[in-house]
Amino acid sequence: MKTRKGLPWLFAAISAAILWIPAKCAAKELMVSSPDGNVHAVLEFNEEQGTLTYKVQSRGQEIITSSSIGMNTDKGDFRSGMKWVDASVKEIDQTYALPQGKVSTYHNHANEQTIRFNKDNHEMLVLFRAYNDGVAFSFVFPGTGNISILEENSNISLTGENFTYWGQNHPNNYGYESALGTITGDRMSNPVLAHLKDRDHFVLMAQAATGGHYIQPHFVRSGSSFRFTFPLDQARLGPVRTVLPFHSPWRMIIISPRTPAGIVESYLAENLNPPTHPALRNLDGKPKDWIKSGRVMWDFIAKDGDKPKMWIDAAAEMGWEYYMADAGFADRWGGEQAVRPITEYAASKGIGVLGWAHTREFNTRQKAAETMRRYAVMGLKGAKIDFFDHDTLSDPPNRVTADYEDTQQSLQMRDWIFDLGIQNQFLLELHGNTIPTGERRTFPNLMTLEGVNGMEKRTPTVTNDLTIPYVRNVMGPVSYTIIRFSKSPGSHAYQMAMSIVYEAGLMIYAEHGKTLLDWPGSEMIRDVPSSWDQTKFIEGLPSEYIIIARRKGQDWFIAGMTSAPRTVNITLDFLLDGKQYNALVFRDNTHTTMHRETRTVNRETLLSINLLQNGGFAVRLKPANPSD
């Protein structure tokens, strides 16, 4: 992290300067503004009551009205009665690289206001950041020793009268596996996407940088006010107990005027997480070479898990990187001693093997270390660890919980899994889990997570599928397990589009390997990468349709999915000027067949594509002369 000197820094300091209000108001105000000056947060401290509130403006419009900030601990109740100590401001301007995600180079640029409070000889700091695409705040308690967090008093009060909300009502099923869509409940799971119709803005409200030192909250809604609330299952486990110094997760608000573009393209969750763990970085600061994203064959839904070499051969023929063996793989193959020859065979084909595991094998650090060592001895490159929503530490174990995956106890297990993943050079995929909140910046070997109503569900819906890019995938990689012709409600072209619309470091395919090899669409999905250099939202609306473009190197991939029939007209003005591209296009013919065409395009071309109901399309653009 660095600060800047000179004129830009002076402007940032002025925009965040303390603005004194007349004494009779008994209040102090501070403003912190985004680097581009379009987003402003005003923090107000009421000296008589000792309370802190904030408001947010975007493009001259108030989008968040007076909202509280506070936390109650066993060191003191910092929701009121606080004394102002001091305030300071700095600019954050960082770049970093990750081996997966919407982009390859991330820019973390914000102005940060820090306010220090005191109560009963204990200090609390509030950090408030303004980014070009949103705002965020967190709490810091300095010192040493233990601290218990009893309750939080932070909320987000949206301005206006007319709203639509998307997400999941709370509690959800099996670790965020309820279907996504429009919601109206008084408890909503994190995150929630809101359309402020009176302000023509989209806002995504969430937590970032979740860890075992705290919890994953949900929202209690009263009208258009959303209060961060402890998990329902946390009550029976007791208060959140942690150590000082304590830095809470960030309360994150992503802001996008007019369209959801700024929501879909945002990587604010990653920016709010700590830098990549030192043990996962090379000397040049980039992640270790063994952390590689990839496309994955998977044997759970399609079966034939007793034929691992068939799956490995299919992955190699597709030019993909991994094969994932699901529950019971070692028993199916003849015991753990039989696994190593199979992983060695896979390695000879350039394929890494990932194995399934249950959290009951990871619910203590010692058991987790033993299990991961066993998996490493087998030659596995990573693990899919399932059922974080099961309380396996209870006696008897409790498989039916409200939101156990969000509790501190479950998140602490996740923390030592992250640590052991570093020690064993393991790629991680988590299932039945809380949603990601940008953790892959710190742990880039965290390749993907479920926390979604995906292809494992018996009745996936188009509404759910078309909400994922606007809500769930904004928070991090999504393990939907794409393409299963007999289960998906979407056309073949719709399912092909998922490989581009959805983003995950491990893009897992649910369909049988032989079926994929024989499918005409294999020509496209062989080439679709699992990490991206650039992402561009073109158009769409949550739960209705989406058109998105992503770039890898010089190649662009464009895809669309829709619920209702529509014709989309796509301008290619994001292509390089003066360059010709060879386009491969797959679009709907019927629900189960696709029309294929090739043509030459440039940045002046208008692509017009017809989509069927529950239809889609996918386009690959390669430079005609890559060396130009």
Side-chain angles (χ1 to χ4, degrees), residues 165-183 185 187-193 206-207 210 215-219 231-233 298 300-301 324 326-327 356-360 384-392 397-407 410-411 413-414 428-437 439 446-484 487-490 495 498 501-504 506-510 542-543:
Y165 305 118
W166 292 269
Q168 298 164 314
N169 287 318
H170 195 87
N172 51 68
N173 294 325
Y174 310 112
Y176 292 79
E177 292 183 28
S178 298
L180 289 159
T182 56
I183 51 175
R187 288 185 186 267
M188 297 180 176
S189 297
N190 170 36
V192 172
L193 174 65
Q207 173 171 284
T210 302
I215 49 87
Q216 180 86 277
H218 65 277
F219 294 108
L232 299 172
D233 282 328
W298 180 47
F300 178 69
I301 292 179
M324 180 172 289
D326 217 274
W356 183 93
H358 195 294
T359 51
R360 61 175 171 257
K384 169 187 173 180
I385 305 174
D386 207 345
F387 298 117
F388 285 82
D389 59 317
H390 288 190
D391 180 2
T392 58
N398 186 1
R399 295 177 58 186
V400 182
T401 64
D403 51 9
Y404 178 77
E405 66 278 4
D406 295 337
T407 65
S410 182
L411 293 172
M413 174 172 60
R414 199 185 65 155
L428 298 172
E429 188 212 359
L430 309 183
H431 267 231
N433 53 277
T434 193
I435 58 163
T437 59
E439 298 89 343
L446 178 61
M447 284 291 171
T448 189
L449 306 90
E450 192 181 33
V452 73
N453 186 284
M455 201 66 80
E456 284 191 23
K457 307 304 289 184
R458 293 176 181 172
T459 55
T461 67
V462 172
T463 296
N464 170 76
D465 294 352
L466 291 172
T467 309
I468 290 170
Y470 300 95
V471 179
R472 168 59 184 82
N473 220 171
V474 178
M475 301 301 297
V478 60
S479 182
Y480 183 96
T481 61
I482 63 172
I483 303 185
R484 178 62 170 172
K487 289 189 69 173
S488 173
Q495 295 184 67
M498 288 179 170
V501 170
Y502 296 164
E503 181 268 309
L506 293 175
M507 183 56 75
I508 303 168
Y509 288 75
S543 300

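Only this structure's heavy atoms are used, side chains among them; waters, hydrogens and symmetry mates stay out. Not measured: the values here are computed from a predicted model. Position 1 is the first residue of the sequence; numbering continues from there.
A donor-acceptor contact closer than 3.5 angstrom is absent between the side chains of Thr401 and Asp391. In summary, the side chains of His218 and Arg187 do present a donor paired with an acceptor at a separation below 3.5 Å, with no hydrogens or angles considered. Ser178 and Gln168 share no donor-acceptor pair across their side chains, judged by distance under 3.5 Å alone. For the 3.5 Å distance criterion, the side chains of Thr467 and Ser543 qualify, holding a donor opposite an acceptor. For Tyr480 and Asn473, the side-chain atoms include no donor-acceptor pair closer than 3.5 Å.
Side chain of Thr448 to main chain of Ser479: a donor-acceptor pair is present (N/O by atom type, distance under 3.5 Å, no hydrogens or angles). Not one N or O on the side chain of Ser488 forms a donor-acceptor pair closer than 3.5 Å with the backbone of Ile483. Checked by atom type and distance alone, the side chain of Tyr165 never pairs as donor or acceptor with a backbone atom of Gly185 at under 3.5 Å. The backbone N or O of Asn172 lies less than 3.5 Å from no partner atom in the side chain of Asp403, so there is not a single donor-acceptor pair. No donor-acceptor pair under 3.5 Å is formed between the side chain of Glu456 and the backbone N or O of Gly454. With hydrogens and angles ignored, the 3.5 Å screen pairs no side-chain donor or acceptor of Glu177 with any backbone N or O of Glu450. Side chain of Glu405 to main chain of Gly432: no donor-acceptor pair is present (N/O by atom type, distance under 3.5 Å, no hydrogens or angles).
Side chains of Met455 and Gln495 form a contact here, defined as non-hydrogen atoms less than 4.5 Å apart. For the pair Leu430/Leu446, a side-chain contact is recorded, criterion being any heavy-atom separation below 4.5 Å from C-beta on. Within the 4.5 Å cutoff, side-chain heavy atoms of Tyr502 are placed close to those of Asp465. Using a 4.5 Å cut-off on side-chain heavy atoms (C-beta onward), Arg414 and Asn433 make no contact. The closest side-chain heavy-atom distance from Trp298 to Leu506 is not below 4.5 Å. Annotation: side chain of Pro171 is in contact with side chain of Leu232 (closest heavy-atom distance under 4.5 Å).
Ring pair Phe387/His390 is parallel by interplanar angle, where below 30° counts as parallel and above 60° as perpendicular.
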### Query
Where do Asp406 and Thr434 land on the side-chain hydrogen bond (donor to acceptor under 3.5 Å, both in side chains) test, with the steps shown first?
CA-CA 6 Å; Asp406 295 337; Thr434 193; 2.7 Å; yes
